[in-house]
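Okay, so here's the structure we're looking at.
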Amino acid sequence: NAGVTQTPKFRVLKTGQSMTLLCAQDMNHEYMYWYRQDPGMGLRLIHYSVGEGTTAKGEVPDGYNVSRLKKQNFLLGLESAAPSQTSVYFCASSSGFNEQFFGPGTRLTVL
Amino acid sequence: GENVEQHPSTLSVQEGDSAVIKCTYSDSASNYFPWYKQELGKRPQLIIDIRSNVGEKKDQRIAVTLNKTAKHFSLHITETQPEDSAVYFCAASPPPGNTGKLIFGQGTTLQVKP
């Protein structure tokens with residue numbers, strides 16, 4: 001089992017460009033989450049999903065959109081990237097009210 | 001919404017000493033409190049967790065205590081080793097409980113000196 005995977009690992013964007021980050025899990029988990037990690041600020045929840053076809057806002061949703069068309073995939077989109085979105089993005093999945101399994105992260109730089 | 005504060009932000013101990021990291025939370029309805037360890041350049045991984053109906057939990061050299069009245073919980077690492085050096089995050093799971101979402105503290109960088 002690969003667990004939770006993220007694509008791409010690294011990306012550099014120019015201000016105003018768009019991109020999509022892909023998260024995939026093979027553990028048949030219902031719940032999936034997107035976080036961003038910035039120095040000194042811990043992990044902040046962007047959006048999450050409690051099942052296929054559902055999404056909900058987290059702590060810092062502005063500037064991001066998500067989709068969960070398939071149970072195993074959770075996509076995070078940036079429509080118009082800004083330098084403030086430079087961060088490391090982690091995806092996670094869980095079976096519910098317990099351990100979240102994290103992906104390896106995507107390092108995004110917006111110039 | 002839920003707010004989790006974590007202290008200290010950095011902690012340096014000698015190998016063999018104990019380390020304690022403390023977190024407070026704001027929502028008294030939060031009922032699940034995990035701790036994650038993140039080594040440099042790696043993903044966060046769960047090391048221990050506790051639910052609101054339990055006051056203390058141990059797993060070898062690590063333990064977590066929960067004080068619901070005071071709304072704080074702590075991670076205790078005994079007999080620290082260099083491989084314990086990492087960033088540690090606490091988290092709380094606020095209601096509604098059927099989302100599994102976590103609100104994380106800011107993290108504590110633990111350095112264990114040989």
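Proteins come first, then strands; the chains are lettered A, B, ... in the order of their sequence lines, and each starts at number 1.
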Using 0.5 Å steps for rounding, measure from the [atom1] atom of [X] to the [atom2] atom of [Y].
X	Y	atom1	atom2	answer
Met41(A)	Phe104(B)	CE	CZ	14.5 Å
Lys101(B)	Ser94(A)	NZ	OG	13.0 Å
Phe102(A)	Leu46(B)	CZ	CG	9.5 Å
Asn3(B)	Glu59(A)	CG	CD	8.5 Å
Tyr35(A)	Leu102(B)	OH	CG	4.5 Å
Phe101(A)	Gln45(B)	CZ	CD	9.5 Å

So which atom in Tyr32(B) and which in Glu99(A) form the shortest heavy-atom distance, rounded to 0.1 Å? OH-N, 3.5 Å

Could you pull out the closest heavy-atom pair between Thr99(B) and Val50(A), with the gap in Å?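 For Thr99(B) versus Val50(A), the nearest heavy atoms are CA-CG1, 3.9 Å.
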
Within one Ile-Leu-Val-Met-Phe-Trp-Tyr cluster: [X] and [Y], side-chain cutoff 4.5 Å:
X	Y	answer
Val60(A)	Tyr33(A)	no
Val88(A)	Val4(A)	no
Tyr36(B)	Tyr31(A)	yes
Trp35(B)	Val20(B)	no
Val13(B)	Ile21(B)	yes

For residues 72-89 of chain A, which residue pairs pass the side-chain hydrogen bond (donor to acceptor under 3.5 Å, both in side chains) check, not counting sequence neighbours? Asp38(A)-Ser87(A), Tyr64(A)-Tyr89(A), Asn65(A)-Glu79(A)

Using a 6.0 Å cut-off, check whether atom [atom1] of [X] has over 12 heavy atoms from anything other than its own residue.
X	atom1	value
Lys22(B)	NZ	no
Gln60(B)	CD	no
Glu52(A)	CD	yes

Portion of Gln38(B) that has a non-hydrogen atom of chain A nearer than 4.5 angstrom: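 The answer is the side chain of Gln38(B).
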
Toward chain A, the part of Pro34(B) with a non-hydrogen atom under 4.5 Å: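 Contact with chain A: none, neither part.
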
Shorter than 4.5 Å, heavy atoms on both sides: which option in Gly41(B), Gly1(B), Pro44(B), Ser9(B) has the most such pairs with chain A? Pro44(B)

Qualifying residues under side chain to side chain donor-acceptor pair (under 3.5 Å), relative to Arg107(A), sequence neighbours excluded: none

What residue in Gly58(A), Gly103(A), Gly105(A) has the most heavy-atom pairs under 4.5 Å with chain B?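 Maximum pair count with chain B is reached by Gly103(A).
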
Heavy-atom distances under 4.5 Å only: say whether Leu45(A) touches chain B with side chain, backbone, both or neither.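 For Leu45(A), side-chain heavy atoms alone lie under 4.5 Å from chain B.
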
Which portion of Gln100(A) sits near chain B, non-hydrogen atoms under 4.5 angstrom: both

Residues forming a side chain to side chain contact (heavy atoms under 4.5 Å, CB included) with Leu40(B), sequence neighbours excluded: none

Part of residues 105-114 of chain B lying next to chain A, heavy-atom separation under 4.5 Å: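 Residues of residues 105-114 of chain B touching chain A at under 4.5 Å: Gly105(B), Gln106(B).
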
Judged by atom type as modelled, is there a donor-acceptor pair below 3.5 Å linking the side chain of Tyr48(A) to the main-chain atoms of Gly100(B)? no

So, do Gln37(A) and Val87(B) sit near enough that their side-chain heavy atoms are less than 4.5 Å apart? no

